[in-house]
Amino acid sequence: MKIIKLYILALVAGLLIIPASCSKDFLETRPTDQLAAGDVFNSLTGAWGAINGVHRTMYIQYNGVQAHGGMDGLLRYIDFIGTDVLFNTSANGWYLNAYKWVDHRNERSNMVLYWTNLYRLISNANQIINNIDNIAGAESEKKHIKGQALAYRAWAHFMLVQLYADRFVPGGANTHAGIPYMEEVTFEGKERNSVAEVYTKINEDISSAITNLEGYTRTNKTHINKSVALAIQAQIALVQGNWNLAATSANAARQGFSFMSTAQHQSGYNSISNPEFMWSSYVQEDQTMYFFSFYAYMSHNFNATAIRQSPKSILKNLYDQISPTDIRKAFWYPNAVATGQPVVPPNGLRYNYMSSKFKSVSVSDGRGDFPWIRVAEMYLIEAEALARQTGKEDLAKDVLYLLAQNRDPQYVRSSKTGQSLIDEILIQRRVELWGEGRNFTDLKRLGLPLVRPEAAEGGEGGHVASIAIKLTEPAGTNNWTWMIPGAEIDSNPKMVQNPA
Amino acid sequence: MKKICLTIATFVFVACHILTAQNMKISGTVTEVGTGAPMPYVTIMVKGSTTGTTSADDGSYTINAPAEATLVFSFIGYIKTEVPVSNRSIINAQLEADAVALEEVVMIAYGTAKKSSVTGSIASVGSASIEKRPVTNALAALAGSAPGIQVNTANGQPGSDPGIRIRGFGSINYSSEPLIVLDGSPYNGVMANINPSDIESISVLKDAASTALYGSRGSNGVVMITTKKGRREKLSISANITQGFSARGLPEYDRVDAYDYYPVMWESLRNSLISSSVTNEEASFLASGATANGIVRNLGYNPFRGVANDQVVGTDGKLNPAATSLLWANDLDWYSPVERVGQRTDAMVSASGGTETSDYYLSVGYTTDNGWLKKTNYDRLSARANLNFTPRKWITFGVNLNTSYNTSSSANTAGNTGYANPIYFARTMGPIYPVYQHNRSNGDFLTDDQGNRIWDLGAQVVEGGVTYAARTQNNGRHAIAEHLLNIQDFQRNTIQSRAYAQISFLKNFKFKVQHSFDITNYLNSSYENKLVGDGAPQGRSRKEHSLRYTRTTVQMLTYDKIAGKHEFNIMAAHENYENEYQYLYGFRQGEIIPGNTELINFTTTNSLYSYIDKHTVEGFLSRATYSFDNGKYTAEGSFRRDGSSKFSRDVRWGNFWSVGGGWRIDKESFMTGQNWVDYLKLRASYGLNGNDGGISYYAWQVLYSYRNNAAEPGYIQDTAPGNPMLKWETSAQTDIGLEFNLFNNKLRGSVDWFNKESKDLIFSLPLAPSTGYVSQDRNIGAVYNRGWELDLTAGIVDTKNFSFSINLNATTYTNKIKSLPEENRELGIIANNTLGLPMYKRVEGGSIYDYWLRQWHSVDPTNGNGLFLFNDITDEAGNYTTVWSDADCKTLADGTLVTSNQAKAKYDWSGTSIPDVFGSITPMFKVYGVDISLQFNYSIGGKAYDYNYASLMSTGGMGAAKHIDILNRWTTAGQITNVPRMDNAQTTNFNAASNRWLVSSTFFSLRNVNVAYNFKPNVLKALDVKALKIYASAENLALFSARKGLDPTQNFNGNILNDVGFNRVVTFGINVNF
């Protein structure tokens, strides 16, 4: 009897235990929405994924901050702290403290966190640059991947040094503090390189990128090919006052790109198919950035609160310098309120001189492919760089004519010389690149003061003192340099903050 | 003979007298204190005799006893009660459950234990206390229930989980939420899935001895929920129905009205216009005028009847005296379209009982709980079956099955100042803007074709050739309309099952297997309308679907042996835990047919993805308890070895353990004769456990995330790289407690001292952003929570018709950071608040929530500037690191350096959000059979950061509402005030985040009132029921805080945000037992 009972007990116990026994890898789990770093750099396919990821970092939302929609968010800031984009109201708070020149001087503001975003891009590029040589595969393909990564590294450092360091003085020693030039993947923060050192490395990288990208045919314009790398080189050279290089690179870069038609001109600067876009994002339906998108702040048609409440206008002083026959003049509506134009989202407000240059895909779709570099800029760089070289003014006028005549059929080849010619080119530059994020960096590179004219009594098209607060800033003050984020100062003992 | 007769007569007389006295017949009913339920099988003895009887099923009894005798009523687990007969023939007695009945069984980790042998600190809340509270989420009933437990007020969203902290904050960057264990297995669901009426008890395990067996998940404390179980007796049916009403419990801040508003905003505008080129007078003229700069143009709406736009505020800053009536006075309350008296209904039927070999508890319950804010509600249908069988003495098995169907709609309060947040919107809307559209000249409501009022989105309108400007505040938005037109709903279906089998063998051994399987299906549907808001003009819809499976299997072997005075309990077990989460998200826009919010009815896909996450834990655990002389001395030890999938193979196994001891001092011989001591126990414990709550499932892995570029596959590396060396946070806790019952159990209570030292804290170590990374999780840092807990219950008066007792509990603790990462030691870590803004600074020696803010100083009496202390930090050369400029900095007469520029303000310590002491006071009365209990909660000390107030005190913000304190603003030179001048151009400075917005978080609240009456047996007999109770209960009746509108318990970190304030709920209920 007793034995039978024991059997029963054993049977019951066995039944109880069986369902609980578990396999050896019970504690090994892995995510399904991410992949291990080791799986990225073990094939060319993985490496292509990594460089594609870098392209994508140009248009992801950063830090969970609404104002950090991609690198276009950074370019927006650059215009908002310039002279040519007007805020018409304080009723909408978006970017208002940037406009007032508060945020870029506050180490705890979100604005200065673009530092983090740019370095994030650099780190992703460094992973590629430092790992690609160990991957098996065609050398040419590896070069094309690496070349793009190098171009990104140059571009991101170039943006950083322009904003977070004092101005690069062409011809000067530029031994003042720049930014850390990051070439390795590390957890340790580095000290700041001097501005001169940073530019040396930027130039090395972009040159190397251009070499590596020889023969690369890209699948779409989100990628960096040799033309784009040359365009970046031209931008860098322009800031450094490296006029010859700027002119030749810009010239080389613009080859093969044509101007947009008048119809394309009015289509909203939002499509990668625009022939002037040399390098741009290409935002798919399911990659929308909603209210973080560039077009949620700078378009006139998207149903974003910032668009409805605070459409942006052009500075009247600049607008008045545009010839009436210039097709660009139609972007802005000096009498928007009275004429009820341009189209605005339901319940949207209009302010005079408001812009219609940028359009989102639709009133309910905030997407748009933002151009990181447009070919028009290459003409402007080339013209400016030529105009600043002795004996090349005629060449400058020729290049300027190509662009200006395209925009204004009535345009007459410039007869100006010297500084007047340069000024004309710079006005063209302000008009052409309005809203595309070149305003503040141009003022800074040229060592110009910030001058934000107010409108005449009761008029519009000027900055409003109670909204802008900051109306003037002399050139060369500390205020031209963005504060390094507190997060960097806190966690990098080698970092020195910019003077208050 | 005569003498003899007399003697006999006397004898007979006396004898008769005596006989009558001896034979007095007494009857009555015995009921339970609190529930009023009749108690069968109660022993009733005549004191000092052997005469006795027991009560019948209905609690009734009859006994013969002398008129001057005393009856003794006793029943196991209840306090023995003596009642003098005093010539009464009917004696109804009530027995009260003995709080420290020796054989009382309490829930402990992986089992139960006799209260006398418990060496840890466990607070228990029984079903009687839970039933008093009209709450949909049982965790809300923990507030104030016991010391050492901090519970936030659940917000006005019915069913929401309140935050809970047990003995402080054991983690800085990860979860400090306790582990929830439901019927013996870790529970990942929401507590609102469980009907509170099904809960038998909630035990809160506070110290390491109680929680060490939960190993890597136990260090924040454990909340153990035990559901009801049948008794092995006759069938009992209980039916309960309550009907209640909920209304807004938290009042609104006091805000200025239209008449005060206009002059205040005029001033703000006027002062902002003054500049080097515009004089004071010119500015006044501009501000009063109807030009682009006029105040009416700046606010958009002129609500005053018969007052022209350029006449509203004079150049003297005064409201036009003709402005005496408003065009839409009846339409300025933005809460009114969404405020209501919500209904709350709770109905429940349960059946329980059993036989010698089985027991059962079956219930079905329905709850619908509607908050004060329209469209906030929670509906639950739940059913439970708890069945246990013992077919043979050596085997027991059972299953406890619960299923629930939950639906809820809620308000969009995501983002403190999100345009769609109805609370933010209603609170900050200037008092001049109507909710609905009006004729702007005569004030009449405008209506649509159907005669309905039209939401006023604030657009610019042209009426009769006159252009009326747009509403300045939130133009084009209408969160009230959006709240009503949008949908934010979820459905949740859950099953929780617990099945076990236990066999006994070899006399002292038991082997048990418990398998738990929880399923949660969740579908969140949200829709944003086409008319107004983020979804306009196309409409958009989201679906979020998740499945969660949690499986836990425990095999447990126990050995129980009593040898004379020695008692041993030994347990060893193995546990597997598996938690799988499947998630699917779809988001489309472009509504095709109105009214259909399913994704197929939309044209464009904004987002579509899915993933599966998995977390597994394996543990080996054991416990040994030794008790001598019926609990006089108890020693206990426990050990658990845990492995977790969150950590890498090399470091994923860890050991956790505890030791504890108990000493029943009252059982010592030297205590004999100390009659005033009924119970006295000293206990002490020490142990080690862990915390992995909130840590990513894949925290150790270095990962890339999918980010396709255009249509090409792409990956981006995470900014927080995984750390293969990462392991859980551990905490070592010491607890010393004294439990006592004194003066005939009239005074009961406990005092505990605890010291919870957490180390290896996982710090999301900030990495220099220039590396491309933002942070990495590392085990660095230590914090301790050290403090006292006091729990006292005193029976003050106890007479036949009136009794009064009171419970008081208090907790005080210190939260202190012991060590920080090396890199942060010197400067500390600036930590962000809920909104992602820097607010706290963490340094060694400080607490987790020490405010680090700009230092507000005063208002400059000469010009009304807001002044902060100047940042006087100097560099090595002794120069200020902040640029001093006479334009915005000055030295006050007393030498204080101040600045009106927020960017130059000094940051300093500004107090903490952690209170000095908190707890509750619970008086209980019994008056002629009516039970009344009240619960007051209190908290003293600590500060809250009142964002709402700060926003209402802005010196600008055209169109935004203002707090009445703004009326104290600076207006004239020499004026002493603490509110700076109104100035729309100075909001960045005057309104900067600073210690000015801190407010005391001390509060006193009347959390609950419960009044109950149990009908007398004669009524019950007539109705043929076992017990009948009617009751009324009210929750959140009153809150006294430093500022009207302020609920300091909103967040542990002290942030006061635009959330749906709590409901005040009043319910009436009836409970009948058959």
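Below, chain A is the first sequence line, B the second, and so on; all start at residue 1.
In this model, no donor atom of one side chain and acceptor atom of the other lie less than 3.5 Å apart for A/T57 and B/R707. With 3.5 Å as the limit, one finds no donor-acceptor pair spanning the side chains of B/T605 and A/D286. No side-chain donor-acceptor contact under 3.5 Å links A/D365 and B/T604.
When heavy atoms are compared at a cutoff of 4.5 Å, A/L35 approaches chain B by way of both its backbone and its side chain. Both the backbone and the side chain of A/A487 come within less than 4.5 Å of a heavy atom in chain B. For A/K494, no part sits under 4.5 Å from any heavy atom of chain B, backbone or side chain. With a threshold of 4.5 angstrom between heavy atoms, A/V65 does not approach chain B through any atom at all. Contact annotation for B/V617: only backbone heavy atoms (N, CA, C, O) come within less than 4.5 Å of a heavy atom of chain A. Contacts of A/V102 with chain B are made by side-chain atoms alone, with heavy-atom separations under 4.5 Å and no backbone atom involved. For chain A, the nearby part of B/D718 is the side chain; its heavy atoms alone come within less than 4.5 Å. Only the side chain of B/R652 comes within contact range of chain A, judged by heavy atoms closer than 4.5 Å. For chain A, the nearby part of B/T881 is the backbone; its heavy atoms alone come within less than 4.5 Å. With a threshold of 4.5 angstrom between heavy atoms, B/F397 does not approach chain A through any atom at all. Looking at B/L457, the atoms closer than 4.5 Å to chain A (heavy atoms on both sides) all sit in the side chain, from C-beta outward. For chain A, the nearby parts of B/P537 are the backbone and the side chain; heavy atoms of each come within less than 4.5 Å. When heavy atoms are compared at a cutoff of 4.5 Å, A/D33 approaches chain B by way of both its backbone and its side chain. Neither the backbone nor the side chain of B/E575 comes within contact range of chain A; no heavy atoms are under 4.5 Å apart. When heavy atoms are compared at a cutoff of 4.5 Å, B/A536 approaches chain A by way of both its backbone and its side chain.
Checked by atom type and distance alone, the side chain of B/T616 pairs as donor or acceptor with a backbone atom of A/F26 at under 3.5 Å. Remark: the backbone N or O of B/A710 is paired with a side-chain donor or acceptor of A/Q287 at under 3.5 angstrom. The closest donor-acceptor contact from the side chain of A/N52 to the backbone of B/P713 lies under 3.5 Å. Without hydrogens or angle criteria, A/N347 side chain to B/A459 main chain gives no donor-acceptor distance under 3.5 Å.
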Please assess A/T305 against B/R477 for the test side chain to side chain donor-acceptor pair (under 3.5 Å), listing each intermediate value before the final yes or no. CA-CA 8 Å; A/T305 305; B/R477 293 301 290 254; 3.2 Å; yes

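Of all heavy-atom pairs between B/Q701 and A/P31, the closest is OE1-CD, 3.8 Å. Looking at every heavy atom in both residues, A/W115 comes nearest to B/P769 through CD1-CB, 3.9 Å. The shortest heavy-atom contact between B/T771 and A/G189 is CG2-N, 3.9 Å. Closest approach of A/L27 and B/S645 over heavy atoms only: O-CB, 3.1 Å. Heavy atoms only, all atoms of each residue included: A/Q127 and B/Y773 are closest at NE2-OH, 3.4 Å. Looking at every heavy atom in both residues, A/T32 comes nearest to B/I612 through OG1-N, 2.7 Å.
Ranked by heavy-atom pairs shorter than 4.5 Å toward chain A, the options B/V774, B/I829, B/D613, B/I830 are led by B/I830. Highest contact tally toward chain A, considering only B/R540, B/M958, B/Q589, is held by B/Q589 [criterion: heavy-atom pairs under 4.5 Å].
Atom-to-atom distance recorded for B/Y419:OH and A/Q309:CD is 5.0 Å, nearest 0.5 angstrom.
Ion pairing between B/R649 and A/E28 holds under the 4.0 Å rule for side-chain N and carboxylate O. Under the 4.0 Å criterion applied to side-chain N and carboxylate O atoms, B/R588 and A/E285 are not assigned as salt-bridge partners.
Heavy-atom contacts from other residues, nucleotides or ligands closer than 6.0 Å to CD of A/E188 number 12 or fewer.
A/F41 and B/Y715 have their aromatic ring centers separated by at least 6.0 angstrom.
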